[in-house]
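Just follow the structure's listing: the first ligand is 1, and inside any ligand the first atom is 1. Quick note: residue numbers are just sequence positions, from 1. Computed from heavy atoms alone, side chains included, the values below leave out hydrogens, waters and symmetry copies.
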Amino acid sequence: MGWSTTHCLLWLLSLWIWTECQGQVIRIPMQFQASFMASRRQHRAGRTSLLAKYNVIGGGPETASRNSGATETLDNRLNLEYAGPVSIGTPGQPFNMLFDTGSANLWVPSAECSAKNLACQHHHRYNSSASRSYVPDGRRFAIAYGTGSLSGRLAQDTVAIGQLVVRNQTFGMAMHEPGSTFVDTNFAGIVGLGFRAIAEEQITPLFESMCEQRLVEECVFSFYLKRNGSERKGGELLFGGVDATKFSGSLTFVPLTRAGYWQFHLDGVEVGGQVISQHRQAIADTGTSLLAAPPREYLIINSLLGGLPTSNNEYLLNCSELDNLPEIVFIIGGQRFGLQPRDYVMRANDDDGSSICLSAFTLMDSEFWILGDVFIGRYYTAFDVGQRRIGFAPTRSQSV
Ligand SMILES: *[C@@H]1O[C@H](CO)[C@@H](O)[C@H](O)[C@H]1NC(C)=O
Ligand SMILES: *[C@@H]1O[C@H](CO)[C@@H](O)[C@H](O)[C@H]1NC(C)=O
Ligand SMILES: *[C@@H]1O[C@H](CO)[C@@H](O)[C@H](O)[C@H]1NC(C)=O
Ligand SMILES: *[C@@H]1O[C@H](CO)[C@@H](O)[C@H](O)[C@H]1NC(C)=O
């Protein structure tokens, strides 16, 4: 931000392009549920929805057709850390939205959806007739999810996040939301923060519109997830820069290998000092809590952790032995990013009410690692759209 501020002041001094200096930095508080404890079923569902997501988006990594949970009811309740307020139309219609770097479209439920579609009926719905700034688009859109398609029509309208007002944003009005995927979510729709290359219809994603319309100071957004021990406690999404008070040291940036997903090169992964993987790709995805590993690494990591495999592709860990588990280190841009057991072990309520410990490392039948909130929570993450790079630094410890 320092460079940008100076840059801006210089423009000001020369009294030249005033608009250069109108870019803003906007903080969006993310919601959280205090002392939220997921059920085992929700953990399973979180994994299933992750697999479904990467199974279906063109050009993405292939996923496990062998996954035994693939037909399970989708339920995203686990993955709500990064939901926050967005307003669409004039006057603004408010929505609570999931901010997802693992997809690139913006969609909300439509006021015209069927009364039988529960997911749609359970949430705020966008009514285009009630917006003066609505422009019909006419095109249909569909986004495939594991159990069916989310579909409807495209629209164009004003989308506001805090004081950032994006004009002429194209987005989806969902008439049909598949299965029970989105029924119980605390978000109505999704703001995809991936790149246009993975967007349906190549629609300009919201953040790219913010950059094009020069609404933000820098073409960068950052995620900060407050953590307290193993609890998740909300956090903050910053549009337009990074907040250096939220991390220690400096950000380690690496270039994106492809600007579609937030995909980058991983130098390697170590478990307790042992190198178990070299030269793989990773994708940073705020839309999942989990860490997905390619098949071979998935087996190695979970056996090194002493996990007990279950029939659901889960690994149970002994909750009394967590202190003896190793650090797991991701090497990115030559720097070491370690995760401790308190980061990668997920506590859940079993069906009988007892507390169990599950490994966050999930099977993904691909060459890719998916680094979800388990990683992004530990490491402040800067998504630099302008320079096509991603940066990580240790989140500053548990202060408010
Ligand atoms: C949409 O808004 C219009 C205009 O305010 C209103 O007449 C109509 O009933 C609304 N439709 C729905 C489904 O809420
Ligand atoms: C939005 O579209 C209108 C009509 O096409 C155009 O006049 C206006 O300049 C556009 N605004 C932006 C910020 O692109
Ligand atoms: C978590 O937060 C509580 C109060 O908000 C504090 O007392 C406790 O020490 C924190 N725990 C950790 C591990 O930071
Ligand atoms: C878990 O670890 C504790 C302490 O080391 C041990 O007493 C217990 O038998 C272990 N439980 C299982 C199911 O292995």
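With no hydrogens or angles considered, no side-chain donor-acceptor pair links Gln340 and Asp343 at under 3.5 Å.
Under the 6.0 Å distance and 45° angle rule, Arg396 does not count as a cation-pi partner of Phe247.
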Tabulation required: pairs of a nitrogen or oxygen in ligand 2 and a protein nitrogen or oxygen under 3.5 Å; columns are atom names and distance to 0.1 Å; otherwise 'none'.
| from | atom 1 | to | atom 2 | distance (Å) |
| --- | --- | --- | --- | --- |
| ligand 2 | 2 (O) | Asn168 | OD1 | 3.2 |
| ligand 2 | 2 (O) | Asn168 | ND2 | 2.3 |
| ligand 2 | 11 (N) | Asn168 | ND2 | 3.0 |
| ligand 2 | 14 (O) | Asn168 | ND2 | 3.3 |

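Surrounding CG of Asp352 are more than 12 heavy atoms belonging to other residues, nucleotides or ligands, all under 6.0 Å away. The 12-atom threshold is not exceeded at CZ of Arg153, counting heavy atoms of other residues, nucleotides or ligands nearer than 6.0 Å.
Applying the ring-ring contact (aromatic ring centres under 6.0 Å, His included) test between Tyr379 and each of Tyr224, Phe337, Phe330 identifies Phe337 as the sole match.
Using a cut-off of 4.0 Å between Lys/Arg side-chain N and Asp/Glu carboxylate O, Arg336 and Glu270 are scored as salt-bridged.
For ligand 1, the polar-atom distance check against Asn127 finds a nitrogen or oxygen pair separated by under 3.5 Å.
Under a 4.0 Å criterion applied to the non-hydrogen atoms of Glu321, ligand 4 contributes the atoms 2 (O), 3 (C), 4 (C), 5 (O).
A tilted orientation is assigned to the rings of Tyr126 and Phe95, their planes being inclined by 30° to 60°.
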